[in-house]
2 protein chains.
Amino acid sequence: MHNDDLVALSKIPLFAGLSLAQLEELTQAGFVHALPTGATLFEQGEMPGFLHVILRGAVAVVGTAPADQAADAPAHREAIITVFGANDALIAPAVLLTLPYMMSARVIEAARIAFLPAQAIRDLLANHAGFAQESALMLARHWRLLVRELKDLKLRSVSQRLAGYLLSLAPAAQTAPAQVALPFDRRVLASWLGTTPENLSRSIAQLGGLGVAIRGRKVHIADPDLLHRFSREDNLR
Amino acid sequence: MHNDDLVALSKIPLFAGLSLAQLEELTQAGFVHALPTGATLFEQGEMPGFLHVILRGAVAVVGTAPADQAADAPAHREAIITVFGANDALIAPAVLLTLPYMMSARVIEAARIAFLPAQAIRDLLANHAGFAQESALMLARHWRLLVRELKDLKLRSVSQRLAGYLLSLAPAAQTAPAQVALPFDRRVLASWLGTTPENLSRSIAQLGGLGVAIRGRKVHIADPDLLHRFSREDNLR
DNA sequence: CGAAATAATTGACCCAGATCAAACACGGTC
DNA sequence: GACCGTGTTTGATCTGGGTCAATTATTTCG
């Protein structure tokens with residue numbers, strides 16, 4: 001494993017408590033891969049072999065509906081459950097519990113990813129108090145992310161979710177007009193927001209009436225405050 | 001705190017690693033309340049003061065949409081995000097991270113609940129390796145529960161979710177007809193499944209065609225296997 | 001550069017599930 | 001047993017968002 005990668009890992013809170021020796025032992029049997037958009041890290045149902053840590057890029061975690069084996073096969077559906085970015089560890093729960101993945105993971109933005117052996121991670125959890133503590137805190141944060149998605153899905157419309165998402169891209173600019181860039185293509189964005197590309201288009205058009213102009217991946221938000229009120233977002237993260 | 005309660009707590013994996021002395025210290029500043037259906041444990045937005053552990057009964061965790069302050073107030077919506085039962089610890093993430101609750105908690109089945117001071121829990125996380133490890137494992141399990149709900153919501157119909165829920169009530173009876181009882185009233189069930197009571201009724205009627213008879217809270221499943229195929233559930237928990 | 005492939009938008013239509021409203025079905029209580 | 005309130009079902013209608021299909025950008029690449 002390259003030294004830069006080791007340094008990057010050591011800066012992630014989850015591993016910050018490890019001594020250099022421990023970190024080197026952990027990465028001994030691990031490796032780093034650069035993966036292009038579209039690459040699959042693992043499939044739903046597989047047993048986890050590694051904890052994946054994203055050093056750069058982004059990975060979507062997608063759930064796939066059990067295929068219908070009826071004669072009129074209806075194109076197996078799938079949905080992005082959540083997206084992980086740089087410095088995130090990918091699906092620790094399956095790794096820690098030694099249970100099969102409930103979802104598949106696909107690279108959606110060219111990524112550099114560390115593969116750390118699952119057993120070594122489990123050993124760390126059992127033997128390293130600091131690691132266990134950081135694991136708990138990380139999992140707690142991840143839990144809250146999912147809760148937010150669940151609340152969004154049950155309580156807000158597609159347009160509201162889109163509005164909220166656009167605001168989340170803008171760095172805290174509450175009143176001044178903001179200019180942001182969409183990090184993903186429409187298909188990914190749609191699936192993440194829990195809708196279809198067609199509908200996303202319509203929602204984008206709808207937000208035009210609230211001072212949002214989107215051309216390509218460039219987004220101009222004329223009045224963040226107005227948008228925020230429309231999105232009906234609670235501030236709870 | 002009553003001694004029976006102490007014993008009950010000590011049997012929960014999360015606290016199993018504590019010595020008797022540590023457990024007593026933890027419960028020193030805590031207490032146990034018996035709460036009727038409808039009681040509220042905490043509200044969305046509040047800062048957590050306690051970790052709640054359910055000794056008996058059940059608690060629903062509900063997200064509420066920010067009220068619309070427009071003139072035509074549209075009855076503030078809310079949705080059950082998940083339900084916790086006996087031996088579950090309620091929303092450790094907010095407690096561990098010292099962040100406001102993202103949801104409210106309401107008793108939906110007469111409950112006996114231990115209130116453990118949040119700060120004591122955080123201290124345990126920092127100082128007790130076994131507790132930190134068990135916390136991580138518990139949070140990992142909870143994460144997978146939410147993932148399942150998210151997948152269900154995005155990929156399956158109300159009837160399919162209902163079918164899956166009914167099967168989850170029946171203890172592993174894969175082939176033989178099964179008789180189960182709904183633990184909650186229709187309103188709660190509907191909200192949990194992500195629908196309305198009216199629609200739940202219709203879904204119930206629909207399942208009649210698959211050998212499911214529901215009268216009151218008694219459910220008779222004539223052919224669990226048929227129901228299972230209809231529900232299109234993957235076995236991933 | 002221009003053709004082919006891919007991505008995004010637009011339009012027409014459909015459907016699962018929500019909403020509104022009314023009719024029932026009960027368990028309690030007196 | 002009659003009364004009342006709550007919980008449940010049924011019916012009619014509406015609608016957000018999905019699906020299908022055709023069109024119009026964008027890329028990608030020879």
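Throughout, protein chains are lettered first and strands after them, A, B, ... in sequence-line order, and every chain is numbered starting at 1.
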Looking at [Y], is its backbone amide N or carbonyl O close enough to the side chain of [X] to form a donor-acceptor pair, meaning the two atoms are under 3.5 Å apart?
X: S231(A); Y: A163(A); answer: no
X: R161(B); Y: L193(B); answer: yes
X: K154(A); Y: G63(B); answer: no

In this structure, how many angstroms lie between the P atom of dT28(D) and the CG atom of D185(A), rounded?
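After rounding, the gap between these two atoms is 12 Å.
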
Between C1' of dA18(C) and CG of L193(B), the distance in whole Å:
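Interatomic distance, CG of L193(B) to C1' of dA18(C): 16 Å.
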
Angle of first-five versus last-five pair axes in the helix from dC1(C)-dG30(D) to dC30(C)-dG1(D), to 10 degrees
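The value is 30°.
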
Any side-chain donor paired with an acceptor under 3.5 Å for E43(B) and S104(B)?
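Judged by distance alone, the side chains do pair up.
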
For the residue pair W192(B) and Y165(B), categorise the inter-ring angle as parallel (less than 30°), tilted (30 to 60°) or perpendicular (more than 60°).
perpendicular

List for me each residue that meets ring pair (Phe, Tyr, Trp, His ring centres under 6.0 Å) alongside H220(B), sequence neighbours excluded, and say none if there are none.
none

Is the ring centre of F84(B) less than 6.0 Å from the ring centre of H52(B)?
no

For the rings on F50(B) and F31(B), is their centre-to-centre separation under 6.0 Å?
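Centroid separation for F50(B) and F31(B): below 6.0 Å.
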
If the sugar-phosphate is the primed atoms plus P, OP1 and OP2 and the base is the rest, what is the B/S/- string for nucleotides 14-19 of chain D, using protein heavy atoms under 4.0 Å?
---SBB

Against the side chain of S201(A), the closest entry in dA8(C), dA7(C), dT8(D) is dA8(C)

